[in-house]
Participant: 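I have a structure here, written as structure tokens, and I will follow up with some questions on it.
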Amino acid sequence: MTVIVDPAGPPAAPPETTRATLRRNFWRGVWRVLRRKPSRMAGVVIVALFALMGVAGPLLYPAQLPRDDNALYAPPSLAHPFGTDFEGTDVLALVITGARYVLLTGLATAVITVALGTAIGLFAGFHRGRWDTVLMRLTDMNLAIPGLPLLLVLSTVWKFESPLEMGLVLGVLGWGGIARAVRSQTLSLRERGFIEAARGLGLPTRHIIGRELLPSMAPYIAMNMLIAVTGAVYAQVGLFFLGVLPFESNNWGVMLNLAVFNGGALTTPAALPYLMAPLIAILLLTLGIVLIVDAMDEIFNPRLREE
């Protein structure tokens, strides 16, 4: 019996099948990395709960939260797990309804910061020459802008009623650091062999940047996006706590300001739950993001996954 062997070998899998397989393998690797340390799963759960709080929280409560004049600074109980504030409003309801503004601002800031910083850093590092000089001088100017004084000036004419407005300003002010870091990595990667090979094949610049350079920096960009969220949360909460922005929207910074300056939380023990509730929320959100960032380094680093 004669066996005929196809010299061309088995047929190659279609590109769609290959991409689907790569996606499945990637998500399986992500799941293995997360399960390796319970703290990482805890971080995912914490961030998911805050995301759910921001999306569905305001739908659970009326626009004007109910007040009880007979329950001012009520202690924590089953009805009010964090007690009530100086107006008799449930503190937990304030934390939940205030999460949307904080989270949307953080997300908008992170997207704008990373998008601007990555685009400018990639373009400057890849093209170098005059474009590099011009863009880096703009980056230096961005890094030299004093953010807090500028926000104080803007707050006199801008109410920041929308979290997207706040995120836009914080994002435009905060992209300089990422731009410089991405440029440095681009200058290093553009001399690697695979980039030289892509140039030798005559591939367009858009393909080289989008398909070769950008995926190599995806871990760094993703981690910076999460870190930018925490920075935006601190910035906006600090501005509202200082009272430099009008209290048009309920958020955790407004709660801290009212707890300290209106509620006397620093001198009245009964008001401590009103002060501690937003602080605990900020701490937990930051902890969840830090735990996810810890997992992302291993997710994107094959050597760490094999150890």
Side-chain angles (χ1 to χ4, degrees), residues 42 45-106 109 147-148 151-152 155-156 159-163 166-167 170 229-290:
V45 171
I46 291 172
V47 172
L49 288 176
F50 275 102
L52 180 63
M53 185 188 302
V55 173
L59 302 178
L60 303 176
Y61 297 95
Q64 187 66 35
L65 294 176
R67 301 175 180 176
D68 187 356
D69 294 334
N70 297 320
L72 305 182
Y73 284 138
S77 61
L78 291 178
H80 306 291
F82 285 99
T84 61
D85 66 357
F86 60 95
E87 294 179 324
T89 304
D90 183 59
V91 173
L92 179 60
L94 289 171
V95 171
I96 293 175
T97 55
R100 172 173 290 185
Y101 188 102
V102 174
L103 295 177
L104 282 178
T105 300
T109 302
L148 181 58
L151 287 170
L152 292 175
S155 66
T156 61
K159 299 301 182 182
F160 293 103
E161 296 178 358
S162 168
M166 174 68 78
L170 293 176
V229 173
T230 61
V233 169
Y234 296 150
Q236 62 175 306
V237 168
L239 289 170
F240 279 105
F241 171 72
L242 294 175
V244 300
L245 297 178
F247 296 168
E248 299 291 341
S249 302
N250 176 37
N251 64 70
W252 301 338
V254 173
M255 292 180 65
L256 291 173
N257 179 284
L258 296 177
V260 172
F261 299 110
N262 283 25
L266 298 181
T267 57
T268 306
L272 271 180
Y274 184 36
L275 175 67
M276 294 302 298
L279 290 177
I280 293 173
I282 295 170
L283 175 63
L284 286 177
L285 177 60
T286 304
L287 177 62
I289 291 175
V290 168

Participant: Could you pull out all donor-acceptor pairs under 3.5 Å where a side-chain atom in residues 279-287 meets a protein atom, sequence neighbours excluded?
Facilitator:
unit_1 : atom_1 : unit_2 : atom_2 : d
Thr286 : OG1    : Tyr234 : OH     : 2.9
Thr286 : OG1    : Ile282 : O      : 2.8

Participant: Is there side-chain contact between Met166 and Leu170, with heavy atoms separated by less than 4.5 Å?
Facilitator: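 Yes, their side chains come closer than 4.5 Å.
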
Participant: Would you say Asp90 and Pro81 make side-chain contact, with heavy atoms under 4.5 Å?
Facilitator: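 Yes; the side chains approach each other to less than 4.5 Å.
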
Participant: With Thr84, which residues qualify under side-chain hydrogen bond (donor to acceptor under 3.5 Å, both in side chains), at least two apart?
Facilitator: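 Checked Thr84 against side-chain hydrogen bond (donor to acceptor under 3.5 Å, both in side chains); zero matches.
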
Participant: Would you say Thr109 and Val229 make side-chain contact, with heavy atoms under 4.5 Å?
Facilitator: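 Side-chain contact under 4.5 Å: no.
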
Participant: Could you grab the distance from atom CG of Leu275 to atom CG of Leu258, nearest 0.5 Å is fine?
Facilitator: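 Reported value, rounded in 0.5 Å steps: 11.5 Å.
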
Participant: Relative to the ring of Tyr101, is the ring of Phe240 parallel (under 30°), tilted (30 to 60°) or perpendicular (over 60°)?
Facilitator: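 Geometry flag for Tyr101 against Phe240: perpendicular rings.
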
Participant: Can you name the nearest heavy-atom pair linking Trp252 to Gly98, along with the distance?
Facilitator: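 The answer is NE1-C, 3.9 Å.
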
Participant: Can you find a heavy atom in the side chain of Met255 that is under 4.5 Å from one in the side chain of Val95?
Facilitator: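 Result yes, sub-4.5 Å side-chain heavy-atom pair found.
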
Participant: Return the set of residues passing side chain to side chain contact (heavy atoms under 4.5 Å, CB included) with Pro76 (not counting sequence neighbours), or none when no residue passes.
Facilitator: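 Pro76 satisfies side chain to side chain contact (heavy atoms under 4.5 Å, CB included) with Pro273 once adjacent residues are dropped.
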
Participant: Tell me which donor-acceptor pairs under 3.5 Å the side chains of residues 45-54 have, and how far apart each pair is, sequence neighbours excluded?
Facilitator:
none

Participant: Using every non-hydrogen atom in the two residues, find where Gly57 and Ile96 come nearest and quote the distance to one decimal.
Facilitator: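 Smallest heavy-atom distance, with atoms named: CA-CG2, 3.4 Å.
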
Participant: What I'd like to find out is whether the side chain of Gln236 reaches to under 4.5 Å of the side chain of Val102, using heavy atoms alone.
Facilitator: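 Yes; the side chains approach each other to less than 4.5 Å.
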
Participant: If every non-hydrogen atom of Ala232 is compared with every non-hydrogen atom of Gly106, which pair is closest and at what distance?
Facilitator: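 Scanning both residues completely, I find the closest heavy atoms to be CB-CA, 3.7 Å.
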
Participant: How would you list all residue pairs meeting ring-ring contact (aromatic ring centres under 6.0 Å, His included) that involve residues 254-273, not counting sequence neighbours?
Facilitator: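 As it turns out, the ring-ring contact (aromatic ring centres under 6.0 Å, His included) pairs with a partner in residues 254-273, which skip direct neighbours, are Phe241-Phe261.
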
Participant: Given side chains that start at C-beta, do those of Tyr274 and Phe82 come closer than 4.5 Å, heavy atoms only?
Facilitator: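 No - every pair of side-chain heavy atoms lies 4.5 Å or more apart.
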
Participant: Please step through side chain to side chain contact (heavy atoms under 4.5 Å, CB included) for the pair Leu94 and Asp85, ending with a clear verdict.
Facilitator: CA-CA 9 Å; Leu94 289 171; Asp85 66 357; 3.6 Å; yes

Participant: For residues 48-57, which residue pairs pass the salt bridge (Lys or Arg N to Asp or Glu O under 4.0 Å) check, not counting sequence neighbours?
Facilitator: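 Qualifying pairs, neighbours excluded: none.
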
Participant: Roughly how far apart are Asn257 CG and Asn262 CG, rounded to 0.5 Å?
Facilitator: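 Here the rounded value is 6.5 Å.
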
